[in-house]
Number of protein chains: 2
Amino acid sequence: MSHHRWKDDSVRSSRPSQIGVREVANLARVSPTTVSNVLSGNRPVSATTRERVRWAIEELDYRPNHSARNLRLQRSGIIALALPEVRVPYFAELVHDLVRAARDRGYRVLVEQTEGRTESEHAVMHGLDRGMVDGIIFSPLGITRETFERRRGSTPIVLLGERILGADVDYVGTDNVAAAADATAHLIARGRRRIAAIGDQRGTGGTGPQRTRGYRRALRRAGIPYDARLTVRTATYHHSDGAEAMAELLDRGVELDAVYCYTDLLAIGAMHTLRSRGLRIPDDVAVIGTDDIDEGRYAAPPLTTVTPDKAAITTSALDLLIRRIADPEAPVRQVLVPHTIEVRDST
Amino acid sequence: MSHHRWKDDSVRSSRPSQIGVREVANLARVSPTTVSNVLSGNRPVSATTRERVRWAIEELDYRPNHSARNLRLQRSGIIALALPEVRVPYFAELVHDLVRAARDRGYRVLVEQTEGRTESEHAVMHGLDRGMVDGIIFSPLGITRETFERRRGSTPIVLLGERILGADVDYVGTDNVAAAADATAHLIARGRRRIAAIGDQRGTGGTGPQRTRGYRRALRRAGIPYDARLTVRTATYHHSDGAEAMAELLDRGVELDAVYCYTDLLAIGAMHTLRSRGLRIPDDVAVIGTDDIDEGRYAAPPLTTVTPDKAAITTSALDLLIRRIADPEAPVRQVLVPHTIEVRDST
DNA sequence: TTGTACGCGTTATCAA
DNA sequence: TTGATAACGCGTACAA
């Protein structure tokens with residue numbers, strides 16, 4: 001195979017122009033179509049020409065232009081993951097798992113943070129529209145059905161965690177009422193009767209109220225009266241919220257022997273306060289969290305937690321989204337993944 | 001050119017086709033150019049036409065197609081952040097900060113995970129080329145200068161954390177030798193003499209060896225002999241690595257009264273082992289980590305840590321990248337951000 | 001098996 | 001101030 005280039009492109013030498021299919025085609029002395037076919041494998045190409053094209057691609061260090069390909073194919077190969085805050089470990093792990101799973105399916109992941117701001121949640125649906133991403137996996141934080149329906153564009157969306165009641169949209173989540181009830185029941189089974197709850201949030205239509213319902217249901221079934229003084233709302237789900245909530249509980253002077261936290265981060269924050277007040281965990285106060293983040297395994301003591309099947313959440317959400325991308329008319333599906341209790345030393 | 005259709009609305013009205021500038025232009029009875037100008041503000045448009053166009057946009061719920069715009073403008077408005085693992089809190093916080101900072105500057109962030117695999121690090125530079133992203137912020141994990149130079153494409157790159165020595169590339173990082181020396185010196189100032197080090201990794205050209213150099217330098221300056229038995233390498237930087245490394249140290253039976261960990265996660269894992277063996281922190285063993293992740297504040301006890309100015313890292317990296325995107329010929333710049341020691345209860 | 005010509009939706013250039 | 005036209009780089013229907 002002789003390497004004579006008979007047609008020396010002055011284009012390449014004059015200015016550092018972009019290398020495109022045309023340049024490759026010229027060098028390999030074939031048509032752009034053939035180059036395209038070699039790359040896509042879409043149509044058969046003879047072995048010899050294929051080799052020549054491959055060589056030319058290598059020679060010019062050609063790589064296809066994504067913008068052009070996307071425009072032509074009407075797909076970007078990117079999905080967006082919109083969530084409140086990446087630095088919250090539960091979401092960080094979600095990003096981790098999703099990036100990994102998406103890569104296996106030929107997608108990359110764009111991360112969008114709403115930081116709990118309603119306008120950001122709206123922007124997610126508006127701003128990501130039309131060709132920037134092929135679909136959105138959206139973990140909202142208290143968006144109403146009405147707003148959602150009004151603002152959503154044509155981009156496929158899968159909702160995560162928080163269901164928007166009545167909305168005509170694919171959804172993956174867990175039975176939060178049951179999870180909360182199980183967590184509370186676990187504490188009751190450990191002999192606790194004065195069980196506090198940290199993490200409800202007012203006004204949101206999401207997981208908070210559902211967990212409160214589960215908590216109260218478990219109490220009711222055990223014949224334990226509900227005591228409003230044992231409940232503390234938090235603004236967000238960080239360590240500091242848990243620490244402050246626990247401090248408030250203790251300062252109220254209300255008797256308690258266990259705490260159910262709506263998030264592991266809240267639980268770890270709560271344990272921090274308990275330790276600093278000289279209370280023993282679980283002897284004086286048992287603590288259970290939610291999410292099973294890695295941090296909980298190394299907390300002091302290791303944190304018991306109720307958690308959804310996170311792998312199932314990731315893969316279900318992705319599969320649902322890809323199905324929706326392929327067929328916008330597919331019937332809406334709502335997936336509930338199972339949850340389990342990881343019993344560790346904090347209870 | 002045989003069938004040159006003028007303004008064939010009948011074709012478009014038959015099916016619910018995509019809404020483009022053309023549709024808007026038709027409705028507003030202007031040219032696509034004008035619509036484009038109203039959107040971009042690139043050229044003056046009379047108030048009346050502007051209103052008509054705005055109305056038509058609203059009426060049709062038009063939003064521009066990103067793929068087309070990107071192709072035309074030769075930019076995507078997306079930058080990639082390539083790092084080992086998002087679920088590692090330090091990186092999660094980095095993503096958080098960067099997504100936020102990028103948004104302020106009109107960019108979105110695509111997250112790419114290398115998971116420590118060399119081929120993934122190569123893929124970052126190859127796969128992200130040509131129009132998919134405008135630039136890459138890359139936190140590598142032991143890539144050689146030679147490979148880097150050979151594989152890098154034309155996409156602007158800013159390196160993070162680990163410098164690739166001699167490489168002709170923008171870089172943001174910290175003086176790891178000094179940081180390690182300061183951490184070790186802090187322990188020495190607390191009266192410790194038998195100081196272990198957890199987290200070196202063999203073979204990589206990165207932060208690990210640098211921190212080891214700083215550690216040994218501080219010992220030397222304090223006249224403390226280096227004891228190889230006090231050093232433990234780890235495969236990665238997770239909790240479990242720290243826990244196992246600490247266990248190994250204790251099992252060696254070598255006397256120690258402090259540990260310097262190359263990562264907060266390692267330190268928290270190490271403290272887990274110390275607690276479970278009944279050792280008191282810092283009374284029996286003082287512990288210092290690196291990174292100042294949020295988790296450290298709520299560890300038991302709260303973790304002393306040496307940390308770079310993370311906000312400076314984020315903004316410097318982004319500014320460097322944006323500068324590089326604007327001017328590929330700009331002189332290479334390497335930024336070192338300062339570090340500080342957050343003293344908490346673990347020392 | 002390969003090549004030609006067109007269009008994806010947008011914006012920049014040139015002309016009016 | 002506005003419009004017609006070309007081009008960004010690619011994939012594909014149609015022709016050979």
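So that the names make sense, note that chain A is the first sequence line, chain B the second, and so on, each numbered from 1.
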| said: Check A:D97 with B:R87, please: is the shortest side-chain N to carboxylate O separation under 4.0 Å? | reply: no

| request: Establish, from distance only, whether the side-chain atoms of B:S46 and B:T49 form a donor-acceptor pair under 3.5 Å. | output: yes

| said: With a 4.0 Å cut-off on N to O distance, would you call A:D170 and A:R333 a salt bridge? | reply: no

| request: Name every residue in residues 44-54 of chain B that has at least one heavy atom under 4.0 Å from any atom of DNA chain D, in order of residue number, or write none if there are no such residues. | output: B:P44, B:V45, B:S46, B:T49

| query | Given axes from five pairs at either end, by how many degrees does the helix from C:dT1-D:dA16 to C:dA16-D:dT1 bend, rounded to 10°? | reply | 40°

| From A:R151 atom CZ to A:T147 atom OG1, the distance as rounded to the nearest 0.5 Å | 8.0 Å

| query | Starting at CZ of B:R29 and ending at C1' of D:dT2, how long is that distance when rounded to a whole Å? | reply | 15 Å

| field | Protein-nucleotide distance (A:N26, atom CG; C:dG3, atom P), rounded to Å | value | 11 Å

| message | For a quick check, with a 4.0 angstrom heavy-atom cut-off, what is the B/S/- contact string for nucleotides 6-12 of chain D, read 5' to 3'? | response | BBBBBBB

| request: Measure the CZ-CG distance between A:R63 and A:L39 for me, rounded to the nearest 0.5 Å. | output: 12.0 Å

| Within the side chain of B:R108, is there an N or O that forms a donor-acceptor pair under 3.5 Å with the backbone of B:I79? | no

| request: Please round to the nearest 0.5 Å and tell me the distance separating atom CG of A:L320 and atom CD1 of A:I325. | output: 11.0 Å

| field | B:E115 CD to A:R103 CZ distance, which is reported to the nearest 0.5 Å | value | 7.5 Å

| Pair B:S76, B:N70: side-chain N/O donor-acceptor within cut-off below 3.5 Å | no

| Donor-acceptor pair, A:S120 side chain versus A:G116 backbone, under 3.5 Å? | no

